[in-house]
Amino acid sequence: MSDNRYDVIIIGTGAGGGTLAYHLAPTGKKILILERGDYVPREKANWDPQVVNVDAHYNTKESWLDKDGKDLHPHTNYCVGGNTKFYGAALFRLRREDFGELRHHGGVSPAWPISYDDLEPYYTQAENLYQVHGNRGEDPTEPAASSPYPWPAVSHEPRIQQLADDFARSGLKPFHVPVGVMLDERNPTRSRCIRCNTCDGFACLVGAKSDAQVVCVDEAIKHPNVTLLTNALVQRLETGPSGFEIKHVRVERNGKIETYSGDIVVVSCGAINSAALLLRSANDKHPRGLANGSDTVGRHYMGHTNSVLMAISKCPNPTIFQKTLGVNDFYFGSDDFPYPMGHISFVGKLDAITLKAGAPAIAPNFTLELMAKHSLDFWLTSEDLPDPNNRVTIGRDGKIVLSYTPNNLEAHARLQAKLKQAMKQTNCPIHGHDCHQGLFGRNLYVGQRIPLAGVAHQNGTIRFGHDRNTSALDVNCKAHDVENLYVVDGSFFPSSAAVNPALTIMANALRVGHHLKSRMGVSTEVTARDREIALSR
Ligand SMILES: Cc1cc2nc3c(=O)[nH]c(=O)nc-3n(C[C@H](O)[C@H](O)[C@H](O)COP(=O)(O)OP(=O)(O)OC[C@H]3O[C@@H](n4cnc5c(N)ncnc54)[C@H](O)[C@@H]3O)c2cc1C
Ligand code: SF4
């Protein structure tokens, strides 16, 4: 085998690519991982809200275009570990019903070509791999699982516990959000995670967040058969004359063009960049873009309807690690609105510096500092539906164009109203009835839908399905039109559901990895080396 020839080439090291690399590394196959970014440097600035949230120091400086041709500065990260380096590590399974067709107020959320039961074993593996902390059975919409979470849930701090009690008293079923942080609350002196206030949106300075770099890529490259090239931007995939097989992967690295070839090529650049890569790889046999016989590549972009809603109360909120509480009571609807609304949880605790960047309206008699001290910072997610006109295309100068018109917005408005109602029912134990009145009177909700540049939950642009006329990938996430091309990032989602996407991307990467091992004729059993690496953690 020549130096530039590999059994498997994986492009991208995020939730999809990183997880797949980890899974395939013990096979002994010659694997090349190509990542356009570099390692996030470990430095104090990792945890500096000014540097991270205001200066956007670690975000890409690339600019895209929106549908009106205006510059769009995406909040996305090109680095080893992809966006998981900065994610909040809330690691949810989709609900069983999300795999079937669901009628929403704004239209239909289509069925997936696989069922929850098909993905369940891989969800369990992904939860173990990413050390998810959670309590089974608390979340009323949680699907059945074949084993408990590997770690107990991250505990609520007092203000959040008080809110959970208040919500429970009013008939809701609040639960502990499953999170991938390496926190050992029973053994704090040895715990890798120190439970800090700069987690969601920040890279972990002490390597205690279960991100794809720490958990997967760092482990994968311990195997001598695995090579990682950073600062390696894949520009184009080139097929042979038949068009059925990728022959060359064209890479720009350190200002030079390099060419690699692989028996199997796996694209995992994130839903927007993967679609862009396939579209840029158009050729005579694939005039609309590589693997795009169905004309679905780039279409059906989804990213959730998300908003941050700050509830300001008289009581301060001194919580450090806030992302522990979730409410899914309205996920599938309610008596007065029989359509799915979505999911309520928290962002990391907002501080005054970060608030300056988001510039919410100032609550009467509050400064930004006071607001930050008194806010409960909710994160609301509703499902957006796959619209073929919401799409990634390539525009002038080869720039990515992201065209998106929000849909299913009534569901989100209803979800916001439900949270407002639930907050009004809270009763503060410290100030008694007076505080409760004050809380009512002075509660302020600053709702701001996350704008288009917030592409954190991007998915759907290279959907999988049974029918090659309506999907680009088959059920194993292999391109219908190209025999050695797979896609394992968030692109494959036919619908976006309303919980955070990363665990589903990880679980699916493990599922596709299982298929690839069979295709390559290697054992799908756990190897001794796998065990050795797992034990060395
Ligand atoms: C601030 C923030 C908070 C989040 N919080 C959560 C959360 O709590 N829970 C959750 O489930 N999800 C969360 N997400 C979303 C989650 O991070 C993503 O869903 C997940 O990382 C997507 O995985 P992916 O493999 O599709 O893509 P990515 O993780 O984005 O990985 C894509 C990789 O491909 C590389 N790449 C791109 N183009 C090329 C190219 N041409 N050549 C070579 N390499 C390329 C990129 O540099 C990147 O490393 C959050 C995201 C952000 C930004
Ligand atoms: S809370 Fe834990 S995992 Fe998150 S950044 Fe802090 S130390 Fe790292």
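In this chain, residues are counted from 1 in sequence order. When a ligand or atom number is given, it counts from 1 through the structure's own listing order.
Lys85 has its side chain out of reach of Cys204: every pair of non-hydrogen atoms, C-beta onward, lies at least 4.5 Å apart. Within the 4.5 Å cutoff, the side chain of Leu290 has heavy atoms near those of the Thr239 side chain.
In this structure, Trp112 and Phe493 have tilted ring planes: the angle between them lies in the 30° to 60° band. Using cut-offs of 30° and 60° on the angle between ring planes, the pair Tyr58 and Phe86 is tilted. The aromatic rings of Tyr486 and His515 are tilted relative to each other, their planes meeting at an angle between 30° and 60°.
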Practice problem: Begin with the C-alpha distance, continue with both residues' side-chain angles, and end with the deciding distance and a verdict on side-chain hydrogen bond (donor to acceptor under 3.5 Å, both in side chains) for Tyr130 and Thr19. | Solution: CA-CA 10 Å; Tyr130 282 87; Thr19 307; 2.7 Å; yes
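Side-chain atoms of Trp379 do not come within 3.5 Å of backbone N or O of Lys323 as any donor-acceptor pair. A distance-only check finds no donor-acceptor pair linking the side chain of Asn83 to the backbone of Ala456 [under 3.5 Å]. A donor-acceptor pair is defined here as one N or O able to donate and one able to accept, closer than 3.5 Å; such a pair exists between the side chain of Asn317 and the backbone of Thr319.
Of all protein atoms, those of element N, O or S that lie under 2.8 Å from atom 4 (Fe) of ligand 2 number 1.
The distance from ligand 2 to the heavy atoms of Val206 drops below 4.0 Å at these ligand atoms: 7 (S).
Note that Arg96 lies outside the cation-pi zone of Tyr116, set by a 6.0 Å cut-off to the ring centre and a 45° limit from the axis.
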Please tabulate, one line per pair, the protein nitrogen or oxygen atoms found under 3.5 angstrom from a nitrogen or oxygen of ligand 1, with distances to 0.1 Å, or say none if there are no such pairs.
from: ligand 1; atom 1: 5 (N); to: Gly88; atom 2: N; distance (Å): 2.9
from: ligand 1; atom 1: 8 (O); to: Gly88; atom 2: N; distance (Å): 3.3
from: ligand 1; atom 1: 8 (O); to: Ala89; atom 2: N; distance (Å): 3.1
from: ligand 1; atom 1: 8 (O); to: Ala90; atom 2: N; distance (Å): 3.0
from: ligand 1; atom 1: 9 (N); to: Ala90; atom 2: O; distance (Å): 2.8
from: ligand 1; atom 1: 9 (N); to: Asn500; atom 2: ND2; distance (Å): 3.3
from: ligand 1; atom 1: 11 (O); to: Ala90; atom 2: O; distance (Å): 3.3
from: ligand 1; atom 1: 11 (O); to: Pro501; atom 2: N; distance (Å): 3.4
from: ligand 1; atom 1: 11 (O); to: Ala502; atom 2: N; distance (Å): 2.8
from: ligand 1; atom 1: 25 (O); to: Ala15; atom 2: N; distance (Å): 3.3
from: ligand 1; atom 1: 25 (O); to: Gly16; atom 2: N; distance (Å): 2.9
from: ligand 1; atom 1: 26 (O); to: Gly490; atom 2: N; distance (Å): 3.0
from: ligand 1; atom 1: 29 (O); to: Asn83; atom 2: N; distance (Å): 3.1
from: ligand 1; atom 1: 30 (O); to: Asn83; atom 2: ND2; distance (Å): 2.8
from: ligand 1; atom 1: 34 (O); to: Ser268; atom 2: O; distance (Å): 3.4
from: ligand 1; atom 1: 41 (N); to: Val234; atom 2: O; distance (Å): 3.1
from: ligand 1; atom 1: 42 (N); to: Val234; atom 2: N; distance (Å): 3.0
from: ligand 1; atom 1: 44 (N); to: Arg36; atom 2: N; distance (Å): 3.1
from: ligand 1; atom 1: 47 (O); to: Glu35; atom 2: OE2; distance (Å): 2.5
from: ligand 1; atom 1: 49 (O); to: Glu35; atom 2: OE1; distance (Å): 2.6
from: ligand 1; atom 1: 49 (O); to: Glu35; atom 2: OE2; distance (Å): 3.3
from: ligand 1; atom 1: 49 (O); to: Cys79; atom 2: O; distance (Å): 3.0
from: ligand 1; atom 1: 49 (O); to: Gly82; atom 2: N; distance (Å): 3.4

